[in-house]
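Note that the structure is predicted; figures quoted are calculated from it, not measured. All values below were derived from every heavy atom in this structure, side-chain atoms included, with hydrogens, water molecules and symmetry-related copies excluded.
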Amino acid sequence: TEFRDGILPWALQHNIALVFDEYDAGRPDVMFVIQRVLEVSGRLTLLDQNKVIKPHPAFRLFSTANTVGLGDTSGLYHGTQQINQGQMDRWSIVTTLNYLAHDEEVEIVLAKAKHYRTQEGRDIVNKMVRLADLTRNAFANGDLSTVMSPRTVITWAENADIFNDIGFAFRVTFLNKCDELERPLVAEFYQ
């Protein structure tokens, strides 16, 4: 067997945009290696090979994180870590992406759940996304501890097709994940 660079050393040397998904769930020892790449010079030292890798001029590094480096303050993202301020300072651009506009989310659900591509189906998906919007607003107001993501809406639409029952699909896709004390509120949204 021959030695091959791992994903970071390999990507660093190529015209690559590397994305670390769920970055705030990374192990601290790995984060400190990545921190060196985030420096202005962006060089990576491989001590075991006695080698310093200079980044390709077009190499770009991106990450996604549900907690923006703050760690899990809500209980929704168990397993995430707080990212230290030194690491956060090395990310030159940090942005927040909120949920999609209602109509855009409807289009995405329709693209994934093709069986709803009728006028009646569009109306149903529109109501599903409206319900998701209600859960998001309730979450933002502190009335609900679980939120419907676009992924959950897509899964609900797919399960409704599998079970041929929108209400049952809603229960097994989302309602059963909610705190028992919050289920009456979520059921009210469903009405």
| request: Check the surroundings of atom CD in E39: do more than 12 heavy atoms from other residues, nucleotides or ligands lie under 6.0 Å from it? | output: yes

| From CG (L61) to CD1 (I16), nearest 0.5 Å | 12.0 Å

| query | Can you pull the side-chain hydrogen bond (donor to acceptor under 3.5 Å, both in side chains) pairs that have at least one residue in residues 177-191, sequence neighbours excluded? | reply | S145-E182

| Residue pair A113 / A157: nearest heavy atoms and the distance that separates them | CB-CB, 3.8 Å

| message | If you compare all heavy atoms of F59 against all heavy atoms of A11, which two are closest, and at what distance to 0.1 Å? | response | CD1-O, 3.1 Å

| query | About how many Å separate CG of L12 and CG of L46, when rounded to the nearest 0.5 Å? | reply | 9.0 Å

| said: For I7 and L18: C-alpha separation, side-chain torsions, deciding distance, then whether side-chain contact (heavy atoms from CB on, under 4.5 Å) applies. | reply: CA-CA 9 Å; I7 187 72; L18 181 62; 4.0 Å; yes

| query | According to a 4.5 Å side-chain heavy-atom criterion applied to Ile, Leu, Val, Met, Phe, Trp and Tyr, with indirect links allowed, do I162 and V172 form part of one hydrophobic cluster? | reply | yes

| query | Applying side-chain hydrogen bond (donor to acceptor under 3.5 Å, both in side chains), which residue pairs with at least one partner in residues 106-115 are found, sequence neighbours left out? | reply | E107-R122

| How far apart are the closest heavy atoms of L134 and F189, and which atoms are they? | O-CE1, 3.8 Å

| said: Starting from M31, can I reach V94 by hopping between I/L/V/M/F/W/Y residues whose side chains sit under 4.5 Å apart? | reply: yes

| Is the backbone N or O of G42 less than 3.5 Å from a side-chain atom of R36, with the two atoms forming a donor-acceptor pair by type? | no

| said: Test: side-chain hydrogen bond (donor to acceptor under 3.5 Å, both in side chains). Region: residues 52-64. Which pairs qualify, not counting sequence neighbours? | reply: D21-T64

| said: Does any part of the side chain of V153, heavy atoms only, come nearer than 4.5 Å to the side chain of F174, both counted from C-beta? | reply: no

| message | Pair H102, N126 - check side-chain contact (heavy atoms from CB on, under 4.5 Å), show working. | response | CA-CA 8 Å; H102 179 91; N126 190 41; 2.3 Å; yes

| Is the F62 to W91 ring centre distance short of 6.0 Å? | no

| said: Within the structure provided, determine whether L44 and P9 are in side-chain contact (heavy-atom separation under 4.5 Å). | reply: yes

| Under a 4.5 Å cut-off applied to non-hydrogen side-chain atoms, are P55 and Q13 in contact? | no

| Check: V52 main-chain N/O paired with T45 side-chain donor or acceptor under 3.5 Å | no

| message | Is there a continuous path of hydrophobic side-chain contacts, each under 4.5 Å between heavy atoms, that joins V147 to I154? | response | no

| query | More than 12 heavy atoms of other residues, nucleotides or ligands under 6.0 Å from CG of N50: is that the case? | reply | no

| message | As an exercise, state the distance from CD1 of I124 to OG1 of T118, rounded to the nearest 0.5 Å. | response | 7.0 Å

| task | Look at R136 together with E105 and state whether they make a salt bridge at an N to O cut-off of under 4.0 Å. | result | yes

| Separation between CG of D133 and CG of L100, rounded to the nearest 0.5 Å | 10.0 Å

| Residue pairs involving residues 141-169 (criterion ring pair (Phe, Tyr, Trp, His ring centres under 6.0 Å); sequence neighbours excluded) | W156-F170, F163-F168

| message | Quick check on N141: does its CG atom have over 12 non-hydrogen neighbours (other residues, nucleotides or ligands) under 6.0 Å away? | response | yes

| task | Could you tell me the separation between the OG1 atom of T152 and the CG atom of L131, rounded to the nearest 0.5 Å? | result | 11.5 Å

| request: Consider only side-chain heavy atoms of I, L, V, M, F, W and Y, link residues closer than 4.5 Å, and tell whether Y99 and V186 are in one cluster. | output: no

| message | Test your reading of the model: is there a side-chain donor-acceptor pair from R117 to the backbone of L110, 3.5 Å cut-off? | response | yes

| Hydrophobic cluster membership, L38 vs F32, 4.5 Å side-chain cutoff | no

| request: Under the ring-ring contact (aromatic ring centres under 6.0 Å, His included) rule, collect the residues that match up with H14, sequence neighbours excluded. | output: W10

| At what distance, to the nearest 0.5 angstrom, does CE of M148 lie from SG of C178? | 8.5 Å

| request: State which residues pass side-chain hydrogen bond (donor to acceptor under 3.5 Å, both in side chains) with Q85; sequence neighbours excluded, sorted by chain then number. | output: D89

